[in-house]
Amino acid sequence: MMRNVTAILLTAANAWAMLAAQTPAPAENVKFAKVAAPVTNQGTQGNRPAGEFYHATYTGAAWGDYDNDGFLDLYYSDRNTHISGNTVFNNLYHNSGDGTFTRVLRAPFSSTAFSCPVWLDINRDGNLDLVISGVSNWSYGWKADGSQLGYIRAHAYLGDGQGDFTEIEDCGLHPIFNGLTGGKGHNWISAGDYDRDGYVDLLMTGFDDINRLGKEHYEDAMRVAYLYRNIGGERFELQPSPVQGDKPLTGLTDGSALMTDLDGDGWLDLLTTGYSEKHNSEGYIYWNNGDGTFSQRQPLPVWALTNASSSVADLDGDGLPDLVLTGIYVDTGGKYFYICKNNGDRTFTPVDVADTFEGIDGGQLAFGDVNHDGLTDILVGGHGSTHEHTTWLYVNQGNFDFAVNGAYYNDPFGKLGSFSRVTHGSHHLVDYDNDGLLDAWFLGWCNGGCGNGCLTELWHNESATKGVTPNVQPVAPTAISATVNPASDVVSLSWTPGSDEVTPTSALRYNVYVKNLADESCFMLIPANPLTGQLKVSALNTALTITDYQMRLPKGDYEWGVQTIDNGNVGSAFTTGQFSIATSGVATIGDAGQPVVTATRGGIAYRLNAAATVSVYNAQGMLVNRSRLMGSGTLAMATGGFYLVAVEHQNKRYTYRLVL
């Protein structure tokens, strides 16, 4: 891991001095306008008038289509400082589909502040469920006698797809939270199927406060990183020692947690950052071994930050997720903004972006192509040394070069329409009105615009007035194949890449579903409508960047589908097929003639039903092997890393991106 990062270790003040002189001009084709009154009905609770969303400051939010009407709805929970007291309000906003929202007066959830709500499908019924953890009273504070521990809550709710929810009484989740007020992170719960058993699991970081009892100071509370396995869609089970050697994950708080495939092998890895029991900033990557365990933690160098939002996005279009980290490095007190390029071999190289990006804490990141040019842009709110409360939009120009739009003091980019200055809360890029352009929504601690220091706003993307064409669905994958290994009941799903009018083919992502035809239970990497392909959530961290996927399944008949996802966060229709796992023999239905090429620990495994020319290229694009092959076997590779495999098979050409 590269540790010489002196070039980007600039203080926020120095970074801004350079920024003022060298920042690229704002992208001329980007325009957002604040929606004046997006809420048509609030009910009467709290005497909050219609028009604005309930204000909030230090909490997370989640967008998801909980009622299956094709429009993303919104949930967050926090105190409204316009209303006296420490009552925490549930805010479930139903998207009416006409550009407006209605607040559900009796949201069927327990109010939880300083939280990170997550929409997911726990029980594989195709409907969105909700997981939320935090504190139920805004005045929670550590008491030596533990008298307030009951304020800490963790909940899991099952949705019926029509707006009703039922709480799982004994969900198995430990009640934790991730810090109160300040610049704490609000993306500390992440969902994904890390063991490929067809059920969505959870990763959580924060304080397990019950361990404060008997300690002299609240800082001595146990910091935790909890990995939960989903047990049959009925409950979650803590995995106390998921790291090789029967070791736990290192506990952190005031940071971030993410399940995502960092090395392109199709297995979800773990990324955690935050504040350790040693009172240092720390961060770790845990590589998924594919057997239910993770390799020994790989420490991040000085990129590990506290009060952080740490996430991933493919910023250079090479199909590999790059690291994006913001926050404070406690050891020096400096605020930073890091982008680290993914090299494809489990290493990352920091990119010198200090001329453009100001170091911040309290940052909350969102990604997506806002001007339909095929490149992933960044929306972030943060608290910098120079520009204290600020919302920035960094517009990707390619090759890690970004133009800056935003809400700096004195509003230098006001001609293009700048955002309100909001930090320490939650920022999202979502197409709330399904017009093909990503809109911006955020809440948090504000400077200006609200006398109580809180703000919650929706900004409509009006870049079409600047000549931007709206996004449309990408083209679905083709030549799908499902092959079953009868000895292990593992099904290998594969497909040829989809395409898109602007997103590079290498940057496209994929979503897969597998439905049991007997009981209609359906597993999806990312919740989506199997008939239209419309995504039901805005969190896409579990999308595949490769064109194959394997699962171990019980005997039965199955339907499966795969869709393309572009950088505008739009999904294509699903290409579907069927397969069977029988008691004896292999049953394959679909494009059975397609070659199967996968990564193994011994090299590159292939299965070909006809003679084919197989060419293997390394990460630098050099040809390392070209062979005429037929049948099954393995091509041994001298080293691990990223490989591109091209197969010329029966007058067709197939490509596979593999990481060994």
Side-chain angles (χ1 to χ4, degrees), residues 121-127 193-200 230-234 266-267 290-292 476-498 510-533 542 544 546-564 571-600 605-610 612 630-633 647 649-650 652 654 656:
D121 184 0
I122 296 173
N123 58 350
R124 305 197 310 189
D125 66 351
N127 300 314
D193 182 13
Y194 78 88
D195 56 358
R196 293 195 188 179
D197 67 349
Y199 289 95
V200 178
N230 185 331
I231 307 301
E234 298 179 350
W267 292 89
D291 60 1
T478 57
I480 69 172
S481 175
T483 305
V484 178
N485 183 338
S488 62
D489 293 339
V490 171
V491 59
S492 296
L493 307 173
S494 61
W495 54 92
T496 53
Y510 300 96
N511 185 26
V512 169
Y513 80 81
V514 177
K515 179 192 291 186
N516 188 317
L517 294 177
D519 61 11
E520 295 294 310
S521 63
C522 184
F523 163 72
M524 283 195 176
L525 292 175
I526 300 169
N529 185 322
L531 299 178
T532 66
T542 57
L544 293 170
I546 57 178
T547 55
D548 63 86
Y549 193 70
Q550 294 80 41
M551 293 180 67
R552 178 173 285 106
L553 298 167
K555 303 293 190 292
D557 297 322
Y558 294 88
E559 174 187 294
W560 76 286
V562 57
Q563 71 174 157
T564 307
S572 72
F574 281 92
T575 301
T576 62
Q578 293 184 343
F579 63 89
S580 296
I581 300 180
T583 304
S584 61
V586 176
T588 301
I589 304 174
D591 184 3
Q594 181 182 336
V596 176
V597 178
T598 58
T600 71
Y606 61 87
R607 184 167 65 252
L608 309 165
N609 67 349
M630 185 174 176
S632 301
V647 181
H649 182 262
Q650 295 184 327
K652 293 183 179 180
Y654 303 89
Y656 305 83

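Since this is a predicted model, take the numbers as computed values, not measurements.
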Do side-chain atoms of [X] reach the backbone of [Y] as a donor and acceptor pair under 3.5 angstrom?
X    : Y    : result
Y510 : G498 : yes
N485 : V490 : no
R196 : Q550 : yes
T575 : P477 : yes

**OP:** Give the intermediate values and the outcome of side-chain contact (heavy atoms from CB on, under 4.5 Å) for residues I231 and Y199.
**Re:** CA-CA 8 Å; I231 307 301; Y199 289 95; over 6 Å; no

Atom [atom1] in [X], atom [atom2] in [Y]: separation rounded to 0.5 Å?
X    : Y    : atom1 : atom2 : answer
C522 : L517 : SG    : CG    : 10.0 Å
R124 : D519 : CZ    : CG    : 7.0 Å
D489 : R552 : CG    : CZ    : 8.0 Å

**OP:** Could you give me the CA-CA distance, side-chain angles and deciding distance for V200 and T542, then say whether side-chain contact (heavy atoms from CB on, under 4.5 Å) is met?
**Re:** CA-CA 10 Å; V200 178; T542 57; over 6 Å; no

Minimum-distance pair of heavy atoms, taken over all atoms of [X] and [Y]:
X    : Y    : answer
V647 : A612 : CG1-CB, 3.9 Å
D125 : N127 : OD1-N, 2.9 Å
W560 : Q578 : CD1-N, 4.1 Å
V512 : W495 : CG2-CH2, 3.7 Å
Q563 : A528 : OE1-CB, 3.7 Å
D193 : G198 : OD2-N, 2.9 Å

**OP:** Quick one: list whatever passes side-chain hydrogen bond (donor to acceptor under 3.5 Å, both in side chains) with E559, sequence neighbours left out.
**Re:** Y513

Side chains of [X] and [Y]: closer than 4.5 Å at any heavy-atom pair?
X    : Y    : value
V514 : L493 : yes
Y549 : V562 : no
Y558 : N516 : yes
T478 : I480 : no
S492 : S481 : no
F523 : L553 : no
N230 : I122 : yes

**OP:** With F574 as reference, evaluate N511, L531, N529 under the side chain to side chain contact (heavy atoms under 4.5 Å, CB included) test and give the passing residue.
**Re:** N511

**OP:** With side-chain contact (heavy atoms from CB on, under 4.5 Å) as the test, would you mind laying out the steps for F579 and V484 before giving the verdict?
**Re:** CA-CA 8 Å; F579 63 89; V484 178; 4.1 Å; yes

